[in-house]
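Because the structure is a prediction, the values reported are computed rather than measured. Positions are given from 1, in the same order as the sequence printed here.
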Amino acid sequence: MKNMLTTISNALCRMTGRNVGAQTVSELLVDLSEYVSVTSPAPASTVALTQRQPPKPPPVRTRVPAEQLVKNQAETDRPGARVVVSRSFADFTSQASFDIKECELHRLEEGPPLKAELTREQGLQYYRVMQTVRRMELKADQLYKQKIIRGFCHLYDGQEACAVGIESGINPSDHLITAYRAHGYTYTRGIAVKEILAELTGRRGGVAKGKGGSMHMYAPNFYGGNGIVGAQVPLGAGIALACQYKGNNQVCVSLYGDGAANQGQLYEAFNMAALWKLPCIFVCENNKYGMGTSVERASASTEYYKRGDYIPGIRVDGMDVLCVREATKFAADHCRAGKGPIIMELQTYRYHGHSMSDPGVSYRTRDEIQEVRSKSDPITMLKERMLTNNMASVEEFKEIDIAIRKEVEEAALYATSDPEPPLEELCNHIFSNDVPLEVRGTNPWVTLKSVS
């Protein structure tokens, strides 16, 4: 105890510059109280009270109403008031220009621009949509492992920049058709998360009334996922033919994967589209693997943007939402100008396996997946761009993430509590506009009504 008193006394002596020689605890307390009274004009009782109070937590939100900012300013006029710093929308950069990767060209003299303009509102919207698709797919993964979602289920996480970039480069009145990895496009085409998850769980509130499942979802001007490999490509050419026939200046985006790129029906569709100069953007989402086979093992030529031969093509960084957006605008302008079809290869990557039955690590390493996540993740790339250019704050992104998690959790609750469609609705919607008709069931004695 005496050694401790000596140590504290010597420290107090150095701080005050006075000779302190406390021999007892009482004497030490007297010396300390004298030091406090010299260094702080506040009464000892106030100091003791302040020491007993826990510190106030910092403000969580970065934006406050204008009247609150005025109140904070008034409070700072009082002596000893704490200054609260808050950021308003005016503190952020409203627009910025970014360098994007140059596209490789085929049969084109010039391609998309090398710079992309991004407003703060656009950036936050792109982030919100991509993050929603990511969270929705992770929730689908969880529900599948709980055996609530059954059957085929192909997830889109990792490829979000493709869907968001394409959607931001065309008009809502334009048309889109894709393969079986369709959840992301269903959302960007305007369908709510809860309707998508309810369709995955086979519930009545699903986008296809619980009868389509993972591969068959539809929306206005969206002709769904298609389970037959490559079959949607000639259908997309047909939709483009309808646009040309009607003269409505619309285009059709017809998507397929690298696994479907060797299908014969693609080249039949290419040939007709080139002959008739159809306004069709053929998009190959090259995620490096067709099921469990790498593109190098499956294709003699992996330059999918050149596969149209006589059709112009561009190869695009499919992990950069701005690069995809600018390339899509370029392709859409090409089609609207009456120049015929164009092929766009998006180099992208899926984090999950081909489907939920595929662990995704038997033909590629976990290190490969992690490297793509760390270097090329589309959501992280956009977020870092905006933070670096003072277009948003970390707190703002956190608020968006929290809101998205809440939305997805509520959607999952809906998708697991909504009732399944009743048997009497099994044969409905066979025809779009027709009188009700009888459909024979599994035996001659059972008939069901089909209502449009």
Query raised in the report: Would you say the side chain of Phe330 lies within less than 4.5 Å of the side chain of Leu108, judging by non-hydrogen atoms?
Result: yes
Requested in this report: Nearest 0.5 Å please: distance from the CD atom of Glu195 over to the OG1 atom of Thr186.
Outcome: 10.5 Å
Requested in this report: Check the pair His175 / Cys243 against side-chain contact (heavy atoms from CB on, under 4.5 Å), numbers first and verdict last.
Outcome: CA-CA 9 Å; His175 308 269; Cys243 293; 3.3 Å; yes
Report task. Report the residue from Arg315, Glu104, His106 that forms a side chain to side chain donor-acceptor pair (under 3.5 Å) with Tyr305. Result -> Glu104
Query raised in the report: Do the non-hydrogen side-chain atoms of Arg120 and Glu396 ever get within less than 4.5 Å of each other?
Result: yes
Query raised in the report: Under the 3.5 angstrom rule, does the side chain of Tyr144 hit a backbone N or O of Gly151 as a donor-acceptor pair?
Result: yes
Query raised in the report: Would Lys449 and Glu424 pass as an ion pair if we require N to O under 4.0 Å?
Result: no
Query raised in the report: Is the closest side-chain heavy-atom distance between Arg203 and Ser417 below 4.5 Å?
Result: no
Report summary line: Output for pair (Ile166 CD1, Thr188 OG1), nearest 0.5 Å, gives 8.5 Å
**Report entry** Heavy-atom side-chain contact between Asp320 and Lys101 under 4.5 Å
**Finding:** no
Requested in this report: Take the angle between the ring planes of His154 and Phe152 and call it parallel below 30°, perpendicular above 60°, tilted in between.
Outcome: parallel
Query raised in the report: Distance from Tyr414 atom OH to Thr201 atom OG1, nearest 0.5 Å?
Result: 9.0 Å
Query raised in the report: Is Arg135 reaching over with its side chain to a backbone N or O of Arg405, donor-acceptor style, under 3.5 angstrom?
Result: no
Query raised in the report: Given the rule in the side-chain contact (heavy atoms from CB on, under 4.5 Å) test, do Lys288 and Gln347 qualify, once you have shown the distances and angles that lead to the verdict?
Result: CA-CA 8 Å; Lys288 307 295 188 291; Gln347 293 189 309; 3.9 Å; yes
Query raised in the report: Okay, side chain of Glu326, backbone of Pro113: is any donor-acceptor separation there less than 3.5 Å?
Result: no
Query raised in the report: So, are Arg134 and Asp401 salt-bridged, with charged N and O less than 4.0 Å apart?
Result: no
Query raised in the report: Just wondering, do Cys284 and Ile343 contact through their side chains at under 4.5 Å, heavy atoms?
Result: no
**Report entry** Donor-acceptor pair, side chain of Glu137 and main chain of Leu155, under 3.5 angstrom
**Finding:** no
Query raised in the report: Of Asp377, Asn287, Asp157, Asp141, which is the lone residue that meets side chain to side chain donor-acceptor pair (under 3.5 Å) with Tyr351?
Result: Asp377
Requested in this report: Mind listing the closest non-hydrogen atom pair of Gln232 and Ser254 along with its distance?
Outcome: O-OG, 3.5 Å
Query - From CA spacing to verdict: side-chain contact (heavy atoms from CB on, under 4.5 Å), Val253, Asp174 - result: CA-CA 8 Å; Val253 179; Asp174 290 321; over 6 Å; no
Query - Test item: side-chain donor near acceptor, Asn262 and Ser299, under 3.5 Å - result: yes
Query - Salt bridge flag under 4.0 Å for residues Arg307 and Asp258 - result: no
Report task. Evaluate whether atom OH of Tyr310 has more than 12 neighbouring non-hydrogen atoms of other residues, nucleotides or ligands under 6.0 angstrom away. Result -> yes
**Report entry** Check: Lys211 and His429 side chains under 4.5 Å, non-hydrogen atoms
**Finding:** yes
Query raised in the report: Within the distance-only criterion (no hydrogens, no angle test), does the side chain of Ser168 pair as donor or acceptor with the backbone N or O of Arg325 below 3.5 angstrom?
Result: no
**Report entry** Pairwise distance CG(Leu448) to CD1(Ile430) - rounded to 0.5 angstrom
**Finding:** 9.0 Å
Query raised in the report: Quick one: does Pro421's side chain get under 4.5 Å of Lys209's, heavy atoms only?
Result: no
Query - Approximate separation, where rounding is to 0.5 Å, of Thr178 OG1 and Met217 CE - result: 12.0 Å
Query raised in the report: Shortest non-hydrogen contact from Glu167 to Arg189?
Result: OE2-NH2, 2.6 Å
Query raised in the report: Pick one: which of Tyr156, Tyr363, Tyr180 meets ring pair (Phe, Tyr, Trp, His ring centres under 6.0 Å) with His354?
Result: Tyr180
Query raised in the report: Between Lys139 and Glu409, is there a salt bridge with N-O shorter than 4.0 Å?
Result: yes
Report task. Verify side-chain contact (heavy atoms from CB on, under 4.5 Å) between Arg364 and Ile369, making sure each step is shown before the conclusion. Result -> CA-CA 8 Å; Arg364 58 182 182 175; Ile369 302 170; 3.6 Å; yes
Report task. Of all the heavy-atom pairs spanning Thr293 and Ala298, show the shortest one and how long it is. Result -> CG2-CB, 4.0 Å
Report task. For residues Gln244 and Pro279, report the shortest heavy-atom separation together with the two atoms involved. Result -> CB-CD, 4.0 Å
Report task. Look only at the side chain of Thr302 and the backbone of Glu296, and say whether a donor-acceptor pair between them is shorter than 3.5 Å. Result -> no
Requested in this report: For atom CD of Gln146, decide whether the heavy atoms of other residues, nucleotides or ligands shown that lie under 6.0 angstrom number more than 12.
Outcome: yes
Report task. Measure from the side-chain N and O atoms of Asn271 to the backbone N and O of Glu268, and report whether any donor-acceptor pair falls under 3.5 Å. Result -> no
**Report entry** Pairwise side-chain contact, Leu200 with Leu197, heavy-atom cut-off 4.5 Å (strictly under)
**Finding:** yes
Query raised in the report: Hey, is CD on Gln95 packed in by over 12 heavy atoms from elsewhere, all under 6.0 Å?
Result: yes
Report task. Before accepting this row, confirm whether a basic side-chain N of the pair Glu285/Arg181 lies closer than 4.0 Å to the acidic partner's carboxylate O. Result -> no
**Report entry** Donor-acceptor contact below 3.5 Å, side chain Gln265 vs main chain Pro234
**Finding:** no
Report summary line: OH of Tyr127 to OG1 of Thr132, rounded to nearest 0.5 Å, is 9.5 Å
Query - Steps toward side-chain hydrogen bond (donor to acceptor under 3.5 Å, both in side chains) verdict (Gln370, Arg373) - result: CA-CA 5 Å; Gln370 186 56 40; Arg373 281 183 179 273; 4.7 Å; no
Report task. Give the minimum heavy-atom separation between Leu387 and Val394, together with the two atoms involved. Result -> CD2-N, 3.7 Å
Report task. For a side chain to side chain contact (heavy atoms under 4.5 Å, CB included) with Arg385, tell me which candidate from Thr380, Leu322, Leu118 qualifies. Result -> Leu322
Query - Polar contact flag, side-chain donor to acceptor under 3.5 angstrom, Glu368-Tyr349 - result: yes
Requested in this report: Heavy atoms only: give me the nearest Ala260-Val229 pair and the separation to one decimal.
Outcome: CB-CG1, 3.5 Å
